[in-house]
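Accompanying notes for the structure given below.
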There are 2 protein chains.
Amino acid sequence: MRSIETGEPGHSADQVTVRRTNLALVLRHLRAEGPRSRATVAAELGLTRSAVSQLVAELAERGLVREGRREHGSVGRPGTTVELAGHGIAGLGAELNVNHVNTIALDLAGEVLSERQVALDARTAPAEEVVERLVELVERTVADLARRDVQPVGLTVGVAGLVDEDGVLTHGPNLGWRDVPVGPMLRERLRPAYDVRVDNEGNLAALAEATPGDPDRRDVLVIFGEVGVGGGIVADGRLLRGRQGYAGEFGHMIVEPQGRRCGCGRVGCWETVAGLRALLDQAADPDDPVRDPSLSLDQRLTEINRRADLGDTRTLAALDQVGRWVGVGAAVLANALNPAAIVLSGYFAAVGHHMRSAIETALVDGVLAPGAGGTRVELSTLGFTASVRGGAQAALETVFADPARVERRPLARGALR
Amino acid sequence: MRSIETGEPGHSADQVTVRRTNLALVLRHLRAEGPRSRATVAAELGLTRSAVSQLVAELAERGLVREGRREHGSVGRPGTTVELAGHGIAGLGAELNVNHVNTIALDLAGEVLSERQVALDARTAPAEEVVERLVELVERTVADLARRDVQPVGLTVGVAGLVDEDGVLTHGPNLGWRDVPVGPMLRERLRPAYDVRVDNEGNLAALAEATPGDPDRRDVLVIFGEVGVGGGIVADGRLLRGRQGYAGEFGHMIVEPQGRRCGCGRVGCWETVAGLRALLDQAADPDDPVRDPSLSLDQRLTEINRRADLGDTRTLAALDQVGRWVGVGAAVLANALNPAAIVLSGYFAAVGHHMRSAIETALVDGVLAPGAGGTRVELSTLGFTASVRGGAQAALETVFADPARVERRPLARGALR
DNA sequence: CCTAGTTTGTGCACCGCCCGAGCAAAACGG
DNA sequence: CCGTTTTGCTCGGGCGGTGCACAAACTAGG
């Protein structure tokens, strides 16, 4: 029943393809199921033990797996577990946002190898300068890696706006940018040996939440809220970009045609009732410190949580009201996409536990399928790092899709038997 | 930039996989590009001429391709074109709807081999009896094929309602059915040699509109309107079902929270403002013949078109108003999914040319991406046969995905060479 | 302690498939 | 009529997975 496809273009297959497929299969299996012996892998994947031995040997030569400890069964010769190694390579993720640029480097197992951030104001600085800051940050991150003899395999940059297939930011209202060729600029300045891609930050956040391999995380919808509301869709394990890469712009769905005017010029956009501003307008008077933009967002959200915990009726009513709207929009999307989970990220993750019941009620009320079609509401635990993590994971995913991308080098002595 | 995937489960590859992949590749290439010589196929697909020769020979043995006419180039030996044959097999599509069941059989090239229909009232008859009618119709269709020595390769049944992965209709409000195991019942009664699958009719209609191979038809959203409104999503060439197969229930998106009560019990569902009833309520008084349910839908829609053509202001205003709402809902979906095309099917296709400008205006107004993100509005030309055609195509797609499913039989004398 | 039984990991022959080279066949042009 | 071009096929070669055999390593039981 899974996935009817309508004629993928695809490419011709030969023995190299077979090898690539099986290398990738073994590597992803080790990621999904954890360390295990060659014999176990063979049984679980339907390959022979000899084939798995050869595949593991090649993955080890590429520095992607290593042998672990002995695994004693009840009887028989004990196996030697094989596990992800991948300390030799890293995926790079970066984010270019209104008031900061930051980077992260993850190894194959998803461990953080380097993390850097620089504050700036993208609205006042020219685009060239902002990109230059990002270039410097990436170069320092790559230097961090070089010190540990780690090779970057790819860089994915998330930006707040619409990005076309070539990596050009065509429309970035929050940054105040239009038609800025971020991807080409980065490639020009970095001249990298690795791939550089640019994507919408909501898409990358969605990728970060869609844990690879978990069947309950193959259909995930991420809703990211701050002043604006955006997100991304992972369906059947694939990130949906749409025809021009503009999918996931949930914030400007019109949910209340007789509602308030939005910053984008339209009336009744979802972010006018579910965005941070809607919450603050209802929860606090204009001179209330939680609306003081000079305080950090974290501080202000902590204060709102404190008031809600103390039972402040105005705060609770505001959270309930906004939660209801979040649920209404979530229901619209759930009717269309029937995701396994809707993950709330950004400011929703910070105060979401106080909105959860209102969201869930509105979701169940608004979805035709009984029990909201099984869609669960979850709060992101990745906080504001979701986009960069997703970017780094996207880069790593190219290795999981084709481990032969990583160069083969003579095995360090004693690394494998 | 295409498709980042997050760890498909996948299956191990060997030489058989290589063969299957390349057989499928050649077959799909012939479908997408039309008849051409082996040498041309080899050049276009990056295979060697010898490989293509062998692949074509095997496809011919399975009855899927045949040689066509001589193809004279400017110089050199002329090639012999190879083209889709597939008169030996057929995909079956069926539909189980409120007032009829019908079937269709398509050959590999999409030509209709058989088409049958029986009227009934699924709301009053017990489910067993309705399924029995469908069984009879399928058996007669299979008999039609047998007379021409054609083998069915699969049957896909579209039903008006939510279908889970096992083919159980869990929720069919228009049929008045709940938890009817349509798939298991059909398999039990037919005991078929071919696959039987059951799916939502909107999903199958979407599949029918997403022409295989066309890059402009890889991201398509179908909106099917009758009394209810439903649809389906094809993204990146794949049909989206969602976690439990409930994706595409657009009709019950809430678009007007202060609006009218819907048959489903909610308030402000899209179908209350975009469904057929909304149009009729605004276009005609209760005693108007266009609202007479004893007349066929075709007749009533023809009358509406006639009035609109004559410039009847009330009719035009109703079409404009409903079109605006169609556009509002389409915009919500386009913001989320950025499809290449939104195809209007069902009653929308019949009167859509009078609603088109209203729809497009509301779409452009409601989508954040400039120019509606490139999303075009199109009217379906498949009429009410979209679902059955999509079902038959889904069955055929299993052959295009794996031509080795069709049995190999000794070549008829002189069929090839 | 020693042996039978079990399981792991590797080596080797075999098979299937695509590649590349070579060749006959079938046109066209001078 | 012969050189040139292009097509479609045949034939070794290499690659990669399968299946079988075998040594290695450990448990259980006498």
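None of these values were measured; they are calculated from a predicted model. So that the names make sense, note that chain A is the first sequence line, chain B the second, and so on, each numbered from 1.
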In whole angstrom, what separates [X]'s [atom1] from [N]'s [atom2]?
X     : N      : atom1 : atom2 : answer
A:R38 : D:dA24 : CZ    : P     : 17 Å
B:R69 : C:dA26 : CZ    : P     : 19 Å
B:L23 : C:dG16 : CG    : P     : 15 Å
A:R70 : C:dG9  : CZ    : C1'   : 11 Å
B:L45 : C:dC19 : CG    : C1'   : 16 Å
B:Q54 : D:dC11 : CD    : P     : 11 Å
B:L55 : C:dC19 : CG    : P     : 9 Å
A:R19 : D:dG14 : CZ    : P     : 17 Å

Inset, instruction - Can you figure out which of D:dG17, C:dA27, C:dC19 approaches the side chain of B:L47 most closely? - result: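 Output: C:dC19.
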
Legend entry - Given D:dG8, D:dG17, C:dT8, the nucleotide with the shortest approach to the side chain of A:A39: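 Minimum distance to the A:A39 side chain belongs to C:dT8.
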
Legend entry - Passing option when A:S12 is tested against B:L55, B:L47, B:V52 for side chain to side chain contact (heavy atoms under 4.5 Å, CB included):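 Single side chain to side chain contact (heavy atoms under 4.5 Å, CB included) partner of A:S12 among B:L55, B:L47, B:V52: B:L47.
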
Inset, instruction - Quick one: label A:S12 by what it contacts on the DNA or RNA (base, sugar-phosphate, nothing), any heavy atom closer than 4.0 Å. - result: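 Here A:S12 touches no strand at all.
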
Inset, instruction - Answer with base, sugar-phosphate or nothing: what part of the nucleic acid does A:R20 contact at a heavy-atom distance below 4.0 Å? - result: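 No contact.
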
Inset, instruction - Establish whether the base of C:dG20 is bridged to the side chain of B:S50 by a donor-acceptor pair shorter than 3.5 Å. - result: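 Flag set: donor-acceptor pair detected.
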
Legend entry - Quiz item: A:Q15 side-chain donor-acceptor pair to C:dC18 base, under 3.5 Å: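 Side chain to base: no pair present.
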
Can you tell if the side chain of [X] reaches within under 4.5 Å of the side chain of [Y], non-hydrogen atoms only?
X      : Y      : result
A:T81  : A:R69  : yes
B:L113 : B:L145 : yes
B:F400 : B:L84  : yes

Produce the list of close N/O pairs, under 3.5 Å, pairing protein atoms with atoms of nucleotides 22-25 of chain C; give distances to one decimal.
unit_1 : atom_1 : unit_2 : atom_2 : d
C:dA25 : N3     : B:R77  : NH1    : 3.3

Legend entry - Nearest-0.5 Å distance, CG of residue B:L396 to CG of residue B:D107: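 That separation rounds to 7.5 Å.
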
Inset, instruction - Would you mind checking if B:D219 and A:R241 are paired as a salt bridge, meaning a charged N to carboxylate O distance below 4.0 Å? - result: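 Result for this pair is no, no salt bridge flagged.
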
Inset, instruction - Say whether, by atom type as modelled, one donor and one acceptor occur between the side chain of B:R66 and the main chain of B:A85 under 3.5 angstrom. - result: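 Judged by distance alone, no pair lies under 3.5 Å.
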
Inset, instruction - Indicate yes or no for a side-chain donor-acceptor contact from A:R217 to the backbone of A:E209 under 3.5 Å, with no hydrogens or angles considered. - result: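 Pair found, side chain donor or acceptor close to backbone of A:E209.
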
Inset, instruction - Using heavy atoms to find the nearest nucleotide of DNA chain C for A:S37 and A:V75 separately, return the residue whose nucleotide is more 5′. - result: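 Result of the comparison: A:V75.
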
Legend entry - A:A13 or A:T40, whichever maps to the more 5' nucleotide of DNA chain C: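 Of the two residues, A:T40 wins.
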
Legend entry - OP1 or OP2 of C:dG20 under 4.0 Å from side-chain N/O of B:T48: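 Indeed not, no polar side-chain atom of B:T48 lies that close.
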
Inset, instruction - Check whether any side-chain N or O of B:N22 sits under 4.0 Å from OP1 or OP2 of C:dC17, and answer yes or no. - result: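 Checking C:dC17 against B:N22, no side-chain N or O comes under 4.0 Å of OP1 or OP2.
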
Legend entry - Nearest-nucleotide comparison on DNA chain D, the residue closer to the 5′ end among A:V16 and B:T81: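 The residue whose closest nucleotide sits nearer the 5' end is B:T81.
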
